[in-house]
There are 2 protein chains.
Amino acid sequence: MTSPEVGISVVERETGLSKDTLRVWERRYGFPDPHRDRHGERVYSAEQVGKLRLISRLLDRGLRPRQLVAASIEELRARVAAPAQPSPAADNSPPFETTLKLLAAYDDAGLRSHLSLTLQRLGLLRFILEFAAPMNVQVGDAWSRGTLAVSQEHLYSEQMQHQLRQGIGTIYPGRRTPSVLLTTLPGEAHQLGVLMAHACLALEGVRCISLGVQTPIRDIAQAAHQHGADVVALSFSEALRLKAALAMLQELRAQLPQSIEIWAGGALWDHAQDVPPGIRLVSRLEHIPHELAEFGQRHGAPPAAAV
Amino acid sequence: MTSPEVGISVVERETGLSKDTLRVWERRYGFPDPHRDRHGERVYSAEQVGKLRLISRLLDRGLRPRQLVAASIEELRARVAAPAQPSPAADNSPPFETTLKLLAAYDDAGLRSHLSLTLQRLGLLRFILEFAAPMNVQVGDAWSRGTLAVSQEHLYSEQMQHQLRQGIGTIYPGRRTPSVLLTTLPGEAHQLGVLMAHACLALEGVRCISLGVQTPIRDIAQAAHQHGADVVALSFSEALRLKAALAMLQELRAQLPQSIEIWAGGALWDHAQDVPPGIRLVSRLEHIPHELAEFGQRHGAPPAAAV
DNA sequence: GTTCAATATTGTCTAGGACAACAATCCCTT
DNA sequence: AAGGGATTGTTGTCCTAGACAATATTGAAC
C-alpha cells in the first residue's frame with residue numbers, strides 16, 4: 001500500500017470512469033463519497049476505488065449504475081465472479097496445477113521449463129487448445145480474484161508469449177488462402193490472443209501477417225489494403241469495453257471494402273449477444289479450421305486442401 | 001479523412017491534451033479556436049488538431065505552450081523535426097537500406113527472411129548492437145517524419161520482436177549475478193528495448209527475469225522482492241513524458257530497498273540531463289558488460305568471470 | 001556570478017446547469 | 001393479448017468561470 005487515499009485523476013485512470021462521471025455520480029447517488037483534502041479536492045479511499053472498479057466491470061456487461069452503486073462490495077464481487085460462464089470446472093489436471101504452483105512460488109526458471117516441456121510434449125496445436133487457452137482463462141480469473149499479483153500475471157504472459165513465438169517460428173510459412181491480417185484494436189494490449197490465433201492459422205498453412213497489438217483503425221484498414229489481406233482477424237480480451245469495441249468495429253467495417261472480412265474472437269464475446277453486421281464471430285480457436293473451410297466455400301476456392 | 005471536424009473528446013484522445021487543458025488554452029491564448037455546433041459544443045478542424053498534435057510533441061521536450069500556440073504550423077513542424085540529436089548520419093549500409101525498402105513495399109515475408117538471415121549472419125550480440133538498435137532509431141525517425149505508416153512500424157516491431165525472442169530462446173539461462181528484473185513502467189509500451197537488454201544480459205550469463213511491459217510501480221517492487229532481484233532494469237522510449245518517467249522512477253526508488261539498484265536505459269534519456277539520485281543511467285547497450293563489472297566491484301563479487 | 005525571493009505561467013480541480021442518447025415504461029390500437 | 005409509438009427516466013458528457021498548487025522565470029541582493 002503506497003497511499004491509501006488517492007485523487008480523482010488516479011481513480012479515473014484505475015477505474016476507467018471519467019472525472020465527470022465520478023463527480024456526477026457523487027451528486028446524484030451520493031456514491032462515491034470521497035473525503036476532501038484541505039483544499040477541498042476529492043480524496044478517495046482504497047475501498048471506494050475497489051468498489052468503483054467492480055462497478056466499472058459490471059457496467060461493461062450492460063448493467064446500470066443506479067442499482068450498482070447501492071450494492072455492497074460482496075454483492076458486486078459475487079456478480080462479477082458468477083454470471084460469466086461458470087468457468088470450465090476449474091481444471092486441476094497436472095499442467096494447470098503445476099503452472100499455478102510455479103507462479104505462486106515466483107519460480108520463473110521452473111515456469112519456463114514447465115511450459116517448454118508441455119509444448120514439446122503436446123505439440124503446438126494441442127498445447128494451445130488444451131493448455132494455453134484454458135490456462136489464460138484461469139490466470140485471468142485468479143488475477144481478477146486477487147489470488148495472483150499483477151507481476152505474476154505479467155510473468156506468465158511473458159513466458160507463454162515466448163513459447164508461442166518459439167512455436168510459430170518453427171512453422172514454415174504457408175501460402176493458403178485466405179491471407180489474414182492479425183492485430184488488436186487500440187486499448188487492447190493482450191498479445192496472447194493474437195499469438196494463439198496466429199499459431200492456429202499458421203498451422204493450417206494460411207499466410208498471416210501480425211501487426212502486434214493496438215493498431216489504430218485507419219492503419220488497420222490501410223495495412224489490410226496494402227498487404228492484400230482477405231481477412232482482418234482481431235482479438236479481444238475483457239480489457240476492452242464492449243461498447244467501445246463495437247464502435248471501433250463498426251468504424252473499421254466502414255473503412256474496409258466489403259470484400260475484406262472481419263473476424264473477431266476472444267473472451268470479450270462470451271458476454272456479448274450480437275455483433276454488428278459484417279463481422280464474423282470466431283468464438284473459439286477450435287473453430288478456425290471450420291471457419292477457413294467456410295471461407296473457401298464462400299469464395300469458391302478449392303475445398304481446403306490438406307496442408 | 002473520416003470526418004474533417006471532431007469533438008473535444010476525440011481531440012483529447014488524439015493529442016493527449018486533456019479537455020480541461022484544451023478549454024483553458026482557448027480561454028487564455030485564443031487557441032485552439034474551435035467552431036461550435038448548434039448545441040454550442042466545440043468542433044475542431046482537422047488543421048487545428050494537427051497543430052495541437054505538433055504542440056503536444058514539443059511540450060514533451062520541455063517547451064512551453066504560450067509561444068507554441070502562436071507559432072505557425074510550418075514553424076512547429078520544423079522544430080519537431082530538427083532539434084533532436086541530428087540522427088546518427090542515416091546509416092545506409094545494406095541491412096538498413098534493405099529493411100527500409102522491404103517495409104516500404106509492405107513485404108512481410110521478405111522482411112522476416114531478411115531479419116532472420118541478418119541475425120544468423122551476425123550472431124545475436126552484433127545483430128542487436130550493430131543492427132537492431134540503430135535500426136529501431138531509424139524506424140522511429142521515419143515514423144515521426146511521416147515516411148513510415150503506423151502499420152509499417154508495427155510490422156517491423158513485431159518481426160524484430162520475433163527474431164529477438166528466437167535469439168533469447170536459444171541461450172541457456174546463466175546464473176551469474178546480479179539477478180536482473182526487466183520491464184517498463186506504465187505507459188511505456190515498447191517491447192524492443194526490454195528484449196534487447198534481455199538478450200545482452202543473458203549473453204553475459206546473467207540470470208534475468210522479464211515481466212514484459214507496463215508493470216505498475218508497486219508490482220515491480222513486489223516482484224523484485226519476491227524474485228530476490230539485485231537490479232531492476234527499465235527501458236524507456238520517447239513515448240513516455242520525461243516528467244512522468246522521473247516521477248515514477250522516484251516513486252519506485254522509494255518503494256525499493258537501497259540494496260536493489262535501478263538501471264534505466266533507452267532513447268528517452270538522450271534528451272535528459274540528469275536523473276534522480278539512486279538511479280543508474282545505462283545509456284547504451286554496449287555499456288552493459290562494463291556496468292555488470294562495476295556492479296561486481298561495488299558488491300565485492302568475483303570480477304566478472306568469463307561466461 | 002550565485003542564491004533567494006517575487007512574479008508569471010500552466011494544468012488541474014471545483015460547482016452546478018444543460019442536454020442528447022439511450023432504456024424503460026405506459027397507453028392505445030389492432 | 002400483443003405490437004407499436006409516445007412519454008418518462010436514466011446516464012454520460014459537455015458547458016462556464018473561478019480558484020489554486022506546482023513549476024518556470026525573472027529580478028534583486030550578495
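Letters A, B, ... are given to chains in the order of the sequence lines, protein chains preceding strands, and every chain is numbered from 1.
- Proximity of B/Lys19 to the phosphate of D/dT13: no side-chain N or O atom is located under 4.0 Å from OP1 or OP2.
- Rounded to whole angstrom, the span from the CZ atom of A/Arg64 across to the C1' atom of D/dT10 amounts to 5 Å.
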Under the side chain to side chain contact (heavy atoms under 4.5 Å, CB included) criterion, do B/Ser45 and B/Gln48 qualify, and how do the steps go?
-> CA-CA 5 Å; B/Ser45 72; B/Gln48 295 211 332; 3.2 Å; yes
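- Whole-Å rounding puts the A/Leu63 CG to D/dG12 P distance at 12 Å.
- Between the A/Lys51 side chain and the A/Val69 main chain, a donor and an acceptor come within less than 3.5 Å of each other.
- Checked by atom type, the side-chain pair B/Glu188/B/Ser237 shows a donor-acceptor distance below 3.5 Å.
- Distance CG (A/Leu22) to P (D/dG12): 10 Å, rounded to an integer number of Å.
- With DNA chain D read from its 5' end, the first of the two nearest nucleotides for A/Leu59 and B/Val43 is the one closest to A/Leu59.
- Contact annotation: A/Arg28 does not reach the phosphate of D/dT11 (side-chain N/O to OP1 or OP2, under 4.0 Å).
- Not a single donor-acceptor pair under 3.5 Å links the side chain of A/Arg64 to the backbone N or O of A/Leu68.
- Rounded to an integer number of Å, the gap from B/Arg42 CZ to D/dT13 P is 17 Å.
- For the pair A/Val10 and A/Asp20, both in contact range of DNA chain C, the more 5′-proximal nearest nucleotide belongs to A/Val10.
- For B/Ser9 and D/dC14, the shortest distance from a side-chain N or O to OP1 or OP2 is below 4.0 Å.
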Using the side chain to side chain contact (heavy atoms under 4.5 Å, CB included) rule, take A/Asp219 and A/Leu211 through it: C-alpha gap first, then chi angles, then the decisive distance, then the call.
-> CA-CA 10 Å; A/Asp219 298 283; A/Leu211 296 183; over 6 Å; no
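- Per the geometry, CZ belonging to A/Arg23 stands 19 Å off P belonging to D/dT11, to the nearest Å.
- Note that the first and last nucleotides of DNA chain C, 5' to 3', having any atom under 4.0 angstrom from a heavy atom of chain A are C/dC13 to C/dA24.
- Here the closest heavy-atom approach between residue A/Arg42 and residue A/Glu26 is recorded as NE-OE1, 2.6 Å.
- Toward the 5′ end of DNA chain D lies the nearest nucleotide of A/Val24, the other residue of the pair B/Arg27 and A/Val24 mapping further downstream.
- Under a 3.5 Å cut-off, the side chain of A/Arg280 and the backbone N or O of A/Trp263 do not form any donor-acceptor pair.
- The residue among A/Glu12 and B/His39 whose nearest nucleotide of DNA chain C is located toward the 5' end is A/Glu12.
- Residue contacts shown for A/Arg38 are absent, as no nucleic acid heavy atom lies under 4.0 Å away.
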